[in-house]
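First comes the structure, then the notes that go with it.
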Number of protein chains: 2
Amino acid sequence: MYGSSVNETWAEQLDTGTGLIQLMTLVQGIYATVSERHDLTPVQARLLCVLIGGPRGMAELAQMFGVEKAALTGLMDRIEKRGFAERSAVPGDRRAVQVTLTAAGRRAASAFHREMGAALGRLIDPIPAEDREQFRSTVAGIVMRCRTSPSSE
Amino acid sequence: MYGSSVNETWAEQLDTGTGLIQLMTLVQGIYATVSERHDLTPVQARLLCVLIGGPRGMAELAQMFGVEKAALTGLMDRIEKRGFAERSAVPGDRRAVQVTLTAAGRRAASAFHREMGAALGRLIDPIPAEDREQFRSTVAGIVMRCRTSPSSE
DNA sequence: TATTGTTATACTCTATAACTATA
DNA sequence: TATAGTTATAGAGTATAACAATA
């Protein structure tokens, strides 16, 4: 059941856990499709989106992504080779580097973000109007509670 | 924003799209953590779970997973080497093979499935009782509608 | 000594293209 | 010709371990 793709179920009688797995698969698929349409891998798209918020250090990014620093090195090498982000020196700490979006990176990031928003909108719009706000707040609640008690214990 | 990990937001004022992205990230993370705890990659766990439902052909699995047949060959090579599934001949079509779980594969699959259910339960349980059924049905509705109009057009 | 980041190596997952064997 | 599956090759993403430079 928890390996199920979206195309094999009864869906109206879906228990919540199975529903969450299928929703995850669905959103993941949309994220992958939109990324690909912008000639990005999902991880690259995520990196660009994070960098919209401002420059970050390598270790900081690794921690945000839950991967080792060495993985970030490779990821940055590829994104830098494509001209979407740059490493630059950090004044005051000669070990560290700052990762910043280039102009092309900003364009790519916001184009991706815009299309992702539209795609998610098509998912959300058909929700009956009277259910929408409660759905939003239930999702927000789940996410918020998991900030407090990180499930990865 | 759409690159955000779960650890950086206001969460109570989360719009639905951003909430869905973070929920996806959250469930993905749980799936990865539980997989790892069973010494499986997420894709391997998914394969085992699908096979609980009975034997499948390689092309059938490739289609379910949305990958090329060649990717399934590699995936099966590794899962078979670990003793979790087997290829066997299909009577009546000498080109085809059937993929079946071994006893060890069934054990691994159901152990994973059980722990995944428990982990998702911890996500769902804190939802206020009066919201739970509507949440379930809203999720089911999203998933169902996307079976009808596949978002990947 | 601790931290920041890189290099080297290996493995999984994936795609594409070319191929074999059967239908 | 079409379908089922494999092989070969290449690239992305990841982990681990060893390393350099700086704090």
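Fair warning: this is a prediction, and the values are worked out from it, not measured in the lab. No hydrogens, no waters, no symmetry mates; every other heavy atom, side chains included, goes into these values. Order of the sequence lines sets the chain letters (A, B, ...), proteins ahead of strands, with each chain counted from 1.
A donor-acceptor distance shorter than 3.5 angstrom exists from the side chain of A:Gln44 to the backbone of A:Thr41, with no hydrogens or angles considered.
Picking from C:dC13, D:dT14, D:dG5 the nucleotide with the shortest atom distance to the side chain of B:Ala59 gives D:dG5. Of all nucleotides listed (C:dT6, D:dT7, D:dT14), D:dT7 comes nearest to the side chain of B:Ala70. The nucleotide whose nearest atom lies closest to any side-chain atom of B:Met58 is, among D:dT6, D:dG13, C:dT6, D:dT6.
Atom CG of B:Leu75 is separated from atom P of D:dT6 by 12 Å (rounded to the nearest Å). In this structure, the NZ atom of A:Lys69 is 20 Å from the P atom of D:dG13, given to the nearest Å. Following rounding to the nearest Å, B:Gln63 (CD) and D:dG5 (C1') show an atom-to-atom distance of 16 Å. The separation between B:Met76 atom CE and C:dT14 atom P is 15 Å, rounded to whole Å. Between A:Glu36 atom CD and C:dT16 atom C1' the separation is 13 Å, expressed in whole Å. When rounded to the nearest whole Å, the span between CG of B:Leu47 and C1' of C:dT12 equals 14 Å. Whole-Å rounding puts the B:Leu61 CG to C:dC13 P distance at 14 Å. In this structure, CD of B:Glu68 is placed 8 Å from C1' of C:dT16, rounded to the nearest angstrom.
Taking the nucleotide of DNA chain C with the nearest heavy atom to each of B:Gln44 and A:Val97, the more 5' of the two is matched to A:Val97. Mapping A:Val67 and A:Gly92 onto DNA chain D by nearest heavy atom places A:Val67 closer to the 5' end of the strand. In this structure, A:Lys81 and A:Asp93 both approach DNA chain D, and ranking their closest nucleotides by distance from the 5' end singles out A:Lys81.
Between A:Asp77 and A:Arg87 a salt bridge is recorded (basic side-chain N to carboxylate O distance below 4.0 Å).
At the heavy-atom level, A:Thr41 lies under 4.0 Å from the strands shown only through sugar-phosphate atoms.
Between A:Arg94 and D:dA21 there is no side-chain polar atom (N or O) within less than 4.0 angstrom of OP1 or OP2.
Between B:Lys69 and B:Met58 the shortest side-chain heavy-atom distance does not fall below 4.5 Å. B:Leu51 has its side chain within reach of B:Arg56: a pair of non-hydrogen atoms, C-beta onward, lies under 4.5 Å apart.
At a cut-off of 3.5 angstrom, counting only N and O atoms as typed in the model, there is a donor on one side and an acceptor on the other between the side-chain of A:Arg95 and the base of C:dT3.
The distance from atom CD1 of B:Ile127 to atom CZ of B:Arg136, rounded to the nearest 0.5 Å, is 12.0 Å.
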